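Presented below is the structure to which this report refers.
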Number of protein chains: 2
Amino acid sequence: MASFSSLASFTIRCSSIREHHHDPHKQNPSSIKINGTSSSLSTKNGAVGIKVAPEAENGHVKTQQIRQNIPTTKQSVDPFRQGLIIEGGVGYRQTVVIRSYEVGADKTATIESILNLLQETALNHVWMSGLLGDGFGATHGMMRNNLIWVVSRMQVEVDHYPIWGEVIEIDTWVGASGKNGMQRDWLVRSHATGLVFARATSTWVMMNQQTRRLSKMPEEVRAEISPWFIEKQAIQEELSEKIEKLDDKAKYVNSNLKPKRSDLDMNHHVNNVKYVRWMLETIPDQFFENHQLSSMILEYRRECGSSDIVQALCEPHEDGFLKDGDQQDHNNISLLNGFSMASGILEGNGLLKCFEEKPFRYTHLLQVNGEAKNEEIIRGRTSWKRKMSTMPFSS
Amino acid sequence: MASFSSLASFTIRCSSIREHHHDPHKQNPSSIKINGTSSSLSTKNGAVGIKVAPEAENGHVKTQQIRQNIPTTKQSVDPFRQGLIIEGGVGYRQTVVIRSYEVGADKTATIESILNLLQETALNHVWMSGLLGDGFGATHGMMRNNLIWVVSRMQVEVDHYPIWGEVIEIDTWVGASGKNGMQRDWLVRSHATGLVFARATSTWVMMNQQTRRLSKMPEEVRAEISPWFIEKQAIQEELSEKIEKLDDKAKYVNSNLKPKRSDLDMNHHVNNVKYVRWMLETIPDQFFENHQLSSMILEYRRECGSSDIVQALCEPHEDGFLKDGDQQDHNNISLLNGFSMASGILEGNGLLKCFEEKPFRYTHLLQVNGEAKNEEIIRGRTSWKRKMSTMPFSS
């Protein structure tokens, strides 16, 4: 019997761990003694009661499934990933320490690292649900229907970047998006103080793996995943403005970008983080050194394969926000876009300094240079604020 | 009082946890109940008894140190990183789950991910020791002397690549290397079976951060780190053959490689993993698809900065091993270089198949194209074996 009190203000009752998988090859039984109280933690293979999927028929697949430990029933706690089920049994929380290689030259986590951790916690959520088939987050029902998940929209807001060694908690949960889609949200907080560092939301639809066409959600898949849906939004919905399509007149253009072997994910597509890296590399070094990304919206248009040659376009924002010589409406607009209220207040007298900066927003486009025409991969919008470390911290 | 039984065959006595740092802003006191036994785990800030270094004088530095939790005294266990002190109090072990973004298209951990995890566990070892100053693994004594660590040699042997979701244990420890150097070794094992997946060893020397010249080890630094030294080698020492210097006649050459912002580490140097990526990208796709790296030796010659333009050279091995039409001495050489014995036996009848492949070894060079002459960054040697998944697994 295992229970795991939630770290948040609500208490979660977890289902009992019914089975411990015993591996005859175990060499190192472990026990942990903390603060004088001994707990027998069955940390070899079976800590979360893994049942290996019965469809594992041949030796190779079976070996892989044992090594991957993918459960076929819902789990409450994953001691290895430091994850647990929250939100009355449907959400997932994972505690993570920012690693040395996840930070940039300024010792704060890079946006790429944060996106990686969002992907990781999403997949671990599906792992915990007992619904994970083979593949990239697809459920058993999706696999029977040859369906994979594709992301159509992603929005991330970062108020504070965690630093090297900092302990953070990432919550994630899912909800319905229209009739055939799914929304996945995340909340990233300081483990020590509970302060919200970042929020994110994303929209997912299903695609037939063979035809590469979008698909309705089959009833058997709806039956699998809809019990996990809750109505809760990490980012307040607003009328999101259209991201205009850039053309060759864009101010910054990086052409002839080629995916490398190491940029491909398990689906042999260019991974999401590489897209963002290409987008951000169009922004001039000087701006990048003094600013950090505070929010990002990505609209996905088509897949990018390993043989595509990609072009990244980028344009400073032009709609009157912080244009040269235009100092009006700063209080409203900057707080809505370039800042969160909390970080604006935190930064004290640095706030005014920010208004001198330009530009704080960029529009982005990644496209494949085709023979007949260019095809859009992603449209994006990024908002930026001055880095804390370049501002007076306390005075 | 905390103790943590080692997962290996020896039992470790850990020093007591003397102090718990209480944060008045704590919102979420936590307790963990596992298998019916309750342990009060103070997991907010103070779980490992953090004392913030007294030299933190101004607000910014102090805030950063609280967030980073760098201890000033030796710790025995780090529940967040799942790390503990082993080897009679001087080694470090961390349990890690291979994450979704750490694997390549074949779902096995990439060599880059493994190198990242070696770096991470090394730094966490220093973190646990209470010796970590600000910076990239430098001790307090090193910081007082303006010294940083630089790696001069790295050798990695990988018998089995862990797969997505697999739980591994990484042990690391240090020893003396000559009079002024330090050796750091690693052992990577399957958490479930104890099977050794990988071994690594590295040699480090000290460099003056201002003059960029190598330095003798000051007595105060020796006093700090030598109590941690043990004599134990992850890789049996052998007479390592010289890695010859390649020139422009090398078979594969990638020129004009430019470090990107995201390739720089905290020291504003190109990070180690980027070097390896550049090296491996010179190897043709077709070979890469069917083979995996089984061992790698890197000899570091000089630093590479953000403005250097790099050239990567690569040459298939030419010393009689698996050259076209030359089939002699395979049993000796391939088992020593391309294979480990264990994996060779595991792969059964696939073993013979490997001998048909060519070439299994490459020599590498990364250099900066200078005006007067080219300057070496790294010489390297990589050995390869056929991928398990492309071989008959059981028959």
Side-chain angles (χ1 to χ4, degrees), chain A residues 1-5 7-8 23 25 27-28 30-41 44-45 59-60 64 67-70 80-81 95 97 99-101 103-105 107 110 112 116 119-120 123 163-167 192-194 260-262 264-266 268 277 281 285 288 393-394, chain B residues 1-5 7-8 23 25 27-28 30-41 44-45 59-60 64 67-70 80-81 95 97 99-101 103-105 107 110 112 116 119-120 123 163-167 192-194 260-262 264-266 268 277 281 285 288 393-394:
Chain A
M1 181 71 183
S3 72
F4 203 132
S5 299
L7 303 181
D23 181 346
H25 303 296
Q27 301 177 338
N28 309 317
S30 68
S31 71
I32 297 176
K33 230 178 162 188
I34 298 167
N35 290 341
T37 311
S38 176
S39 317
S40 166
L41 225 192
K44 296 291 174 185
N45 259 357
H60 182 67
Q64 181 170 313
R67 292 171 64 187
Q68 269 193 286
N69 275 356
I70 299 177
F80 296 115
R81 295 184 175 91
T95 304
V97 184
R99 295 176 177 170
S100 54
Y101 57 88
V103 300
K107 285 196 195 169
T110 61
E112 292 96 328
N116 277 333
Q119 172 191 298
E120 173 68 10
L123 286 164
I163 64 175
W164 177 31
E166 190 155 20
V167 185
T193 65
K260 302 272 173 60
R261 280 193 294 261
S262 51
L264 304 182
D265 65 20
M266 295 181 221
H268 295 257
R277 194 166 283 181
E281 279 170 1
D285 275 347
F288 212 91
F393 189 85
S394 56
Chain B
M1 181 72 184
S3 72
F4 203 129
S5 297
L7 304 180
D23 181 348
H25 303 297
Q27 300 176 340
N28 309 315
S30 68
S31 71
I32 297 176
K33 230 181 163 185
I34 299 167
N35 292 341
T37 312
S38 177
S39 316
S40 166
L41 224 191
K44 297 291 175 187
N45 262 356
H60 181 66
Q64 180 171 311
R67 292 171 65 188
Q68 270 193 284
N69 273 356
I70 298 176
F80 296 116
R81 294 185 176 92
T95 304
V97 184
R99 294 176 177 169
S100 55
Y101 57 87
V103 301
K107 285 195 194 169
T110 61
E112 291 96 328
N116 277 333
Q119 172 190 298
E120 174 68 12
L123 287 164
I163 63 175
W164 177 32
E166 192 156 18
V167 185
T193 66
K260 302 272 173 60
R261 278 192 295 262
S262 51
L264 303 182
D265 65 19
M266 295 179 221
H268 295 258
R277 194 166 282 180
E281 279 170 1
D285 276 347
F288 212 90
F393 189 85
S394 57

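Naming convention: chains lettered A, B, ... in sequence-line order (proteins, then strands); numbering from 1 in each chain. Because only heavy atoms are used, hydrogens play no part in the values below, and waters and symmetry mates are left out as well, while side chains stay in. Given the structure is predicted, the values throughout are model-derived calculations rather than measurements.
Ranked by heavy-atom pairs under 4.5 Å with chain B, the first of A:T110, A:N116, A:V103, A:V167 is A:N116.
When heavy atoms are compared at a cutoff of 4.5 Å, A:L123 approaches chain B solely by way of its side chain, counted from C-beta outward. Contact of B:R81 with chain A is made through backbone and side chain together, with heavy-atom distances under 4.5 Å.
Partners of A:R99 according to the side-chain contact (heavy atoms from CB on, under 4.5 Å) rule, which considers only residues two or more places apart in sequence or in another chain, are A:Y101, A:E102, B:V96, B:R99, B:E102, B:L117, B:E120.
Remark: A:Q68 CD to B:K107 NZ distance equals 5.5 Å, nearest 0.5 Å.
Nearest heavy-atom pair across A:R261 and B:E281 is NH2-CA, 3.6 Å.
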